[in-house]
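Just so it is clear, the structure is predicted and the values come from calculations on it, not from any experiment. For reference, positions follow the sequence shown, starting with 1.
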Amino acid sequence: DHPEVKEAERHTIETAINKRFKQLDISVSLTQLRTFPISVTGEVRVPGAVGVNGVDQASQLIIKAGGLIDEASRKGSRRNIKILHVENGQMHDTGRRVDLMLWNLTGKEKYNPFILDGEQIIVPAKQDSISISGAVQRPGSYEFSPGDRVSDLITLANGLHTHSRPKLAKLLSNNEN
């Protein structure tokens with residue numbers, strides 16, 4: 001049960017009704033959140049539809065689908081999970097992505113959004129990686145996500161050492177493009 005969500009939804013509905021029907025005194029009681037199916041496919045252990053009640057984040061649905069595949073030959077992406085919207089049988093990109101690594105490190109909702117009715121989660125296979133070394137807390141190789149900035153990589157590496165001098169940092173690339 002999520003009483004704070006029920007109360008917020010009740011208040012939103014009452015406000016909308018009272019704006020439209022000013023002469024009426026209306027109150028609303030919510031007894032249960034509506035449940036709807038969301039498809040979770042790709043590199044998860046049990047792909048298929050899972051039940052959602054509107055207050056589930058993407059990570060919770062991935063767990064309901066058995067979690068990410070993490071085997072020697074196959075690994076599900078933790079940073080490039082797609083959220084698509086299905087309308088009239090057509091899939092449309094929502095522009096929203098799930099980045100479980102940045103969400104675990106920052107707690108920011110934008111990296112683990114709430115899933116809406118009509119959306120679908122697709123977990124691709126883990127692809128390219130990017131490395132960071134030097135004066136960071138956790139040097140290493142991390143999954144690359146298109147649009148990554150140097151600050152994202154530093155966050156993935158759990159930040160800079162206190163004695164680091166960021167102005168002396170060098171960005172090296174072995175990409176010929």
Side-chain angles (χ1 to χ4, degrees), residues 2 4-5 8-9 33-133 136-160 166 169 171-177:
H2 300 279
E4 65 282 350
V5 172
E9 288 181 346
L33 292 172
R34 181 175 71 90
T35 301
F36 50 91
I38 293 291
S39 178
V40 181
T41 61
E43 300 299 308
V44 292
R45 295 195 185 283
V46 187
V50 296
V52 181
N53 62 18
V55 293
D56 288 325
Q57 289 176 284
S59 62
Q60 293 166 301
L61 302 183
I62 291 168
I63 290 168
K64 287 181 181 181
L68 298 173
I69 292 175
D70 188 13
E71 300 169 358
S73 61
R74 286 174 56 195
K75 291 187 185 297
S77 173
R78 296 192 68 201
R79 299 203 57 221
N80 294 296
I81 300 166
K82 298 175 186 172
I83 300 174
L84 302 178
H85 182 77
V86 182
E87 188 175 325
N88 298 326
Q90 299 287 334
M91 287 198 264
H92 305 281
D93 192 347
T94 63
R96 299 189 312 149
R97 298 282 183 271
V98 180
D99 188 327
L100 297 176
M101 291 187 76
L102 283 177
W103 177 69
N104 283 330
L105 290 166
T106 67
K108 292 181 180 177
E109 183 184 314
K110 71 179 184 177
Y111 298 123
N112 185 20
F114 289 93
I115 302 302
L116 307 173
D117 193 4
E119 292 183 333
Q120 179 176 356
I121 297 174
I122 299 176
V123 179
K126 184 177 177 182
Q127 297 289 322
D128 298 329
S129 63
I130 188 167
S131 298
I132 188 169
S133 60
V136 293
Q137 300 292 334
R138 285 189 340 211
S141 184
Y142 298 93
E143 183 179 0
F144 175 74
S145 182
D148 269 349
R149 300 171 308 207
V150 172
S151 61
D152 295 325
L153 193 55
I154 291 170
T155 299
L156 289 169
N158 212 22
L160 298 171
L171 179 63
L172 305 174
S173 172
N174 64 358
N175 185 349
E176 294 182 20
N177 292 330

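Legend: residues meeting salt bridge (charged side-chain N to carboxylate O under 4.0 Å, His left out) with D93, ordered by chain and number and at least two apart, are R97. Residues satisfying the salt bridge (charged side-chain N to carboxylate O under 4.0 Å, His left out) criterion with K64, sequence neighbours excluded, are D56. Under the side-chain contact (heavy atoms from CB on, under 4.5 Å) criterion, Q90 pairs with H92, sequence neighbours left out. Here N158 pairs with nothing under the side chain to side chain donor-acceptor pair (under 3.5 Å) rule; sequence neighbours left out. Under the side-chain contact (heavy atoms from CB on, under 4.5 Å) criterion, S145 pairs with R79, N80, D148, sequence neighbours left out. For P113, the side-chain contact (heavy atoms from CB on, under 4.5 Å) partners at least two apart in sequence or on another chain are I83, R96, V98. For N104, there are no side chain to side chain donor-acceptor pair (under 3.5 Å) partners two or more places apart in sequence or in a different chain. Under the rule for a salt bridge (charged side-chain N to carboxylate O under 4.0 Å, His left out), R138 has no partner lying at least two apart in sequence or in another chain. Evaluation of the salt bridge (charged side-chain N to carboxylate O under 4.0 Å, His left out) rule for E143 yields no partner, not counting sequence neighbours. For K110, the side-chain contact (heavy atoms from CB on, under 4.5 Å) partners two or more places apart in sequence, or in a different chain, are K108.
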Taking only distance into account, with no hydrogens and no angle test, what donor-acceptor pairs under 3.5 Å do side-chain atoms of residues 120-132 form with protein atoms, sequence neighbours excluded?
{"unit_1": "S129", "atom_1": "OG", "unit_2": "S141", "atom_2": "OG", "d": "3.2"}

Give the C-alpha distance, both sets of side-chain angles, the deciding distance and a yes or no for side chain to side chain contact (heavy atoms under 4.5 Å, CB included) between V52 and E119. CA-CA 11 Å; V52 181; E119 292 183 333; over 6 Å; no
From CA spacing to verdict: side chain to side chain contact (heavy atoms under 4.5 Å, CB included), D152, D99: CA-CA 11 Å; D152 295 325; D99 188 327; over 6 Å; no
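A 4.5 Å side-chain heavy-atom check between L116 and T94 finds every atom pair outside the cut-off.
What you find for V136 and S133 is that their closest heavy atoms are CG2-C, 4.5 Å. When every heavy atom of T41 is checked against every heavy atom of P47, the shortest pair comes out as CA-CB, 4.2 Å.
Judged purely by atom type and a 3.5 angstrom limit, N53 has no side-chain atom pairing as donor or acceptor with the backbone of T35.
Distance CE/M101 to OH/Y111: 12.5 Å, rounded to 0.5 Å. Separating the CZ atom in R78 from the CG atom in D70 is a distance of 8.5 Å, to the nearest 0.5 Å. The structure places CD1 of I81 at 5.5 Å from CG of L68, a figure rounded to the nearest 0.5 Å. Note that CG of L153 and OG of S151 are 9.0 Å apart. Values are rounded to the nearest 0.5 Å. Rounding to the nearest 0.5 Å gives a distance of 5.0 Å between CG of D117 and CZ of F36. Rounded to the nearest 0.5 angstrom, H85 NE2 and I115 CD1 are separated by 12.5 Å.
The salt bridge (Lys or Arg N to Asp or Glu O under 4.0 Å) pairs that include a residue from residues 40-53 are E43-R74, R45-E71, where partners are two or more places apart or lie in different chains.
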